[in-house]
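Have a look at the structure below, then the notes.
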Amino acid sequence: MDLNLLNQEQRQAVEHTSGPLLVLAGAGSGKTRVLTYKIAYLMKEMNIYPSQILAITFTNKAAKEMKSRIRELVGEQANSLWMGTFHSIAVRMLRIYAERIGYKKDFVIYDTSDQKSILKRCMKELNISEESFPIKSTIGKISQAKNKMIGPDQFKHVYANEFTVESIYRRYEEKMFRNNGMDFDNIILNVIKLLKENEDIREFYKKNFQYVLVDEYQDTNKAQYEMISLLTKGKGNLFVVGDNDQSIYGWRGADIRNISEFEADFKGARVIKLEQNYRSTNNILDAANAVIQNNLYRKDKNLWSSNEKGEKIKYYDAADEYSEADFVLSRINSMINNGCSTKEMAILYRTNAQSRVFEERFRRYDIPYRVVGSMGFYGRKEIKDLLSYMRLIQNPLDEVSLLRIVNEPKRGIGNKTIEKLQEMANEFDVSLFEMIGRAYKEDIIGGKAGMGLKAFYETLRPYIQSKDDLKVTDIFDGIYRDSGYREMLEIENTLESQSRMDNIGELLSAITEYQMSEEEAKLEGFMESISLMSDIDRMDDDEIGVTMMTLHSAKGLEFPYVFMVGLEEGLFPTGRAFDNTLELEEERRLCYVGITRAEKELYISSASQRMIFGTRREYLVSRFVGEIPENLIEYLNGKKKKKSKDELSSKTDYLDKGMNPKSFEKKSTGNRIKAVHAGMKVKHKIFGEGTVVSVSGTDNKMAMIAFVDKGVKNLHIDYAPLVEVE
DNA sequence: ACACTGTGAGTTTTT
DNA sequence: CTCACAGTGT
């Protein structure tokens with residue numbers, strides 16, 4: 001291990017082995033390197049066992065990568081390190097000790113959409129309307145409270161007059177507990193509870209962990225802070241790395257005070273700054289520095305680099321999102337022709353929805369690409385359904401999953417039956433699943449519904465009983481078959497059901513892969529690995545293609561060529577931040593993160609018009625473009641008169657100016673069909689070309705159309721996006 | 001019980 | 001535009 005590969009500050013950080021240390025690491029200053037070397041140093045020079053080191057990273061992928069780098073330095077013993085995200089570390093502890101806090105050890109993890117359905121049910125039970133308490137904002141409020149460790153009991157002291165939310169919150173937590181489930185916030189809170197209430201466990205871990213390291217410290221929240229301090233207090237060998245200019249998760253409860261008050265919180269803390277950037281050209285760095293300088297609430301630091309000046313930042317001012325995409329694609333195309341690999345390129349945007357136009361262009365140009373995130377594979381219905389089966393097998397108390405699948409495929413079990421069952425389950429104080437068992441056995445519910453319940457119950461029970469002895473793939477295969485799900489899709493035999501079956505096949509290969517990679521592959525383990533996987537974790541590094549993702553997802557990554565797109569007021573920065581300095585500064589940090597992802601070249605672009613919610617709207621150039629000094633920018637299609645900053649000062653201003661949807665009516669698609677006749681050739685926006693087979697309905701508006709490769713569809717011509725061909 | 005259809009509402013960002 | 005859902009008809 002050669003510490004001479006480190007600069008002076010990096011080396012100091014590595015060699016500091018006693019007491020708390022905060023490393024303020026600017027973008028691209030080699031913090032991963034420091035972390036890697038530090039852990040290796042602790043093991044090799046300080047003779048610390050790997051199992052005595054806890055390292056918390058922001059994604060599981062980061063943990064995996066770091067582990068493999070450490071392995072290069074110290075060998076296989078790196079595998080015994082405790083390394084992962086807050087959530088995965090917490091779950092690891094909870095799997096062992098869940099019973100100490102009243103949970104069962106096979107608890108399940110609820111994601112955001114599960115959260116939503118639990119909350120909905122709570123509100124229904126409490127007779128609270130969704131109009132007055134929108135699901136999203138209510139979840140937000142509850143989550144916010146949890147991040148700050150404010151439980152239902154303390155809620156009213158912090159949020160006065162929010163007693164309705166308080167009652168929802170309380171009911172939600174009860175339900176969560178009764179379901180033997182935890183949402184993401186609960187995972188952290190429950191570990192805190194575990195450590196607080198059980199001295200033996202706390203002392204065990206505290207004694208065990210000689211060193212605790214936390215990456216991306218600027219994005220930790222209060223609960224996470226509490227978790228760390230419970231594990232380190234007293235000993236204080238805590239080593240955190242972060243950059244306040246890259247704090248972009250304030251909306252998720254990240255508390256900047258964790259980093260700004262580190263020295264006060266941990267006595268005798270030392271601070272080391274890493275200010276030399278090894279990643280980007282000087283032009284890129286200067287641009288980033290200039291932009292972030294506009295934030296008033298920040299500690300100044302001076303990122304510098306000995307790299308060359310490099311190319312100027314190239315700015316393209318597009319007419320609309322399509323011409324923006326065309327610009328990006330033509331650039332990418334010529335870069336490819338110049339010998340660049342698509343793996344070196346990334347397109348970064350503010351919102352996931354922006355990827356669509358680019359995807360379409362990539363397909364048209366036939367250039368490989370990959371999209372990170374955006375409700376992909378695991379959000380699909382068939383995947384969620386089958387995972388719900390698996391989850392219910394893992395934990396029969398899980399009502400969320402049960403309700404999702406009890407009538408999927410159709411078993412003749414409707415709302416009425418479910419309601420009855422829920423009432424009875426409450427009355428007898430048993431789980432819904434158990435109630436289902438009783439209901440048909442004791443003939444409480446007969447007829448079609450009773451048969452359905454019997455089928456459902458008897459399909460699942462054997463799997464529940466032997467889940468620990470069965471292979472995960474066997475459980476999956478079996479349940480797919482026995483539940484009738486496969487048959488349902490086979491009978492349906494449409495293009496859609498085909499693709500669903502393909503997706504299920506893909507899920508099976510994911511399970512198989514998991515099973516082969518784990519020594520002891522258990523159902524819980526697999527379910528956990530997918531629930532705690534972030535979008536970045538799902539990204540396959542070997543896959544070729546241009547990477548597309550949100551700026552948030554891009555944190556921690558780097559690419560030689562970066563396209564930062566959609567730089568418009570209202571989109572980036574988002575309109576919601578206009579009247580809030582703190583939020584606006586967070587947007588600016590996000591911009592800073594974006595700029596500093598680029599190593600060699602940075603392209604930025606904006607569109608004057610963009611389609612949003614089906615209407616075309618006009619946008620002004622983002623203030624962030626104006627914040628980059630002109631001498632660093634090459635204006636690819638001329639420089640428009642500067643109008644971003646002066647014209648926009650407040651939200652109302654923005655809404656008044658140029659945002660009149662009427663003046664930008666959608667372009668006519670041309671010969672949109674008004675009437676059809678059999679034999680007519682038509683083109684559908686999604687299904688492509690087809691021939692009208694027959695016409696039906698009042699006014700002959702229903703057309704049965706046979707599409708090339710896509711099968712026969714019944715469509716109403718007033719609604720279907722159809723145009724005539726020839 | 002369930003399929004269909006019209007309606008209303010929504011886009012930040014994610015472990 | 002696109003999705004989810006409430007309401008209606010079978």
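Quick note on labels: first sequence line is chain A, next is B, and so on, each numbered from 1. Predicted model, so just to flag it, every value in this text is computed and none were measured.
Asp111(A) comes within contact range of no nucleotide atom at all, as no heavy-atom separation falls under 4.0 Å. Here Arg589(A) lies out of heavy-atom contact (under 4.0 Å) with every strand. Among the atoms of the strands shown, none is found under 4.0 Å from any heavy atom of Lys381(A).
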So which protein nitrogen or oxygen atoms get under 3.5 Å of nucleotides 13-15 of chain B's nitrogens or oxygens?
unit_1	atom_1	unit_2	atom_2	d
dT13(B)	OP1	Asn352(A)	N	2.7
dT13(B)	O4'	Arg350(A)	NH2	3.4
dT13(B)	O2	Trp251(A)	NE1	3.2
dT13(B)	O2	Arg350(A)	NH2	2.6
dT14(B)	OP1	Thr550(A)	OG1	3.0
dT14(B)	OP1	Ser553(A)	OG	3.2
dT14(B)	OP2	Asn352(A)	ND2	3.4
dT15(B)	OP1	Ser534(A)	OG	3.4
dT15(B)	OP1	Asp535(A)	N	3.3
dT15(B)	O2	His87(A)	NE2	3.2

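Asp385(A) and Tyr485(A) form a side-chain donor-acceptor contact under 3.5 Å, judged by distance and modelled atom types alone.
The nucleotide whose nearest atom lies closest to any side-chain atom of Lys410(A) is, among dG10(B), dC5(C), dA3(B), dA3(B). Considering only side-chain atoms of Thr417(A), the nucleotide from dT11(B), dC2(B), dA1(B) that sits closest is dA1(B).
Annotation: cation-pi geometry satisfied between Arg95(A) and Phe107(A) (NZ/CZ under 6.0 angstrom from ring centroid, within 45° of ring axis). Geometrically, Arg616(A) does not engage Tyr322(A) in a cation-pi contact defined by less than 6.0 Å to the ring centre and at most 45° from the axis.
Taking each heavy atom of Val621(A) and Ser606(A) in turn, the nearest pair found is CG2-OG, 3.9 Å. Closest non-hydrogen pair, Met176(A) versus Ile118(A), comes out as SD-CD1, 3.8 Å.
Residue-environment remark: CZ (Arg257(A)) stays at or below the threshold of 12 foreign heavy atoms within 6.0 Å. By the 6.0 Å contact criterion, CD on Glu487(A) is open, its count of non-hydrogen atoms from other residues, nucleotides or ligands being 12 or less.
Of the side-chain N and O atoms in Arg356(A), one or more sit less than 4.0 angstrom from OP1 or OP2 of dT2(C). A close approach under 4.0 Å does not occur between any side-chain nitrogen or oxygen of Asn415(A) and OP1 or OP2 of dC2(B).
dT13(B) sits 22 Å from dA4(C) when the C1' atoms are compared, rounded to a whole Å.
Counting to the nearest Å, the P atom of dC5(C) and the NZ atom of Lys116(A) are 6 Å from each other. When rounded to the nearest whole Å, the span between CZ of Arg411(A) and P of dA1(B) equals 15 Å. As rounded to whole Å, 13 Å separates atom P of dC1(C) from atom CD of Glu321(A).
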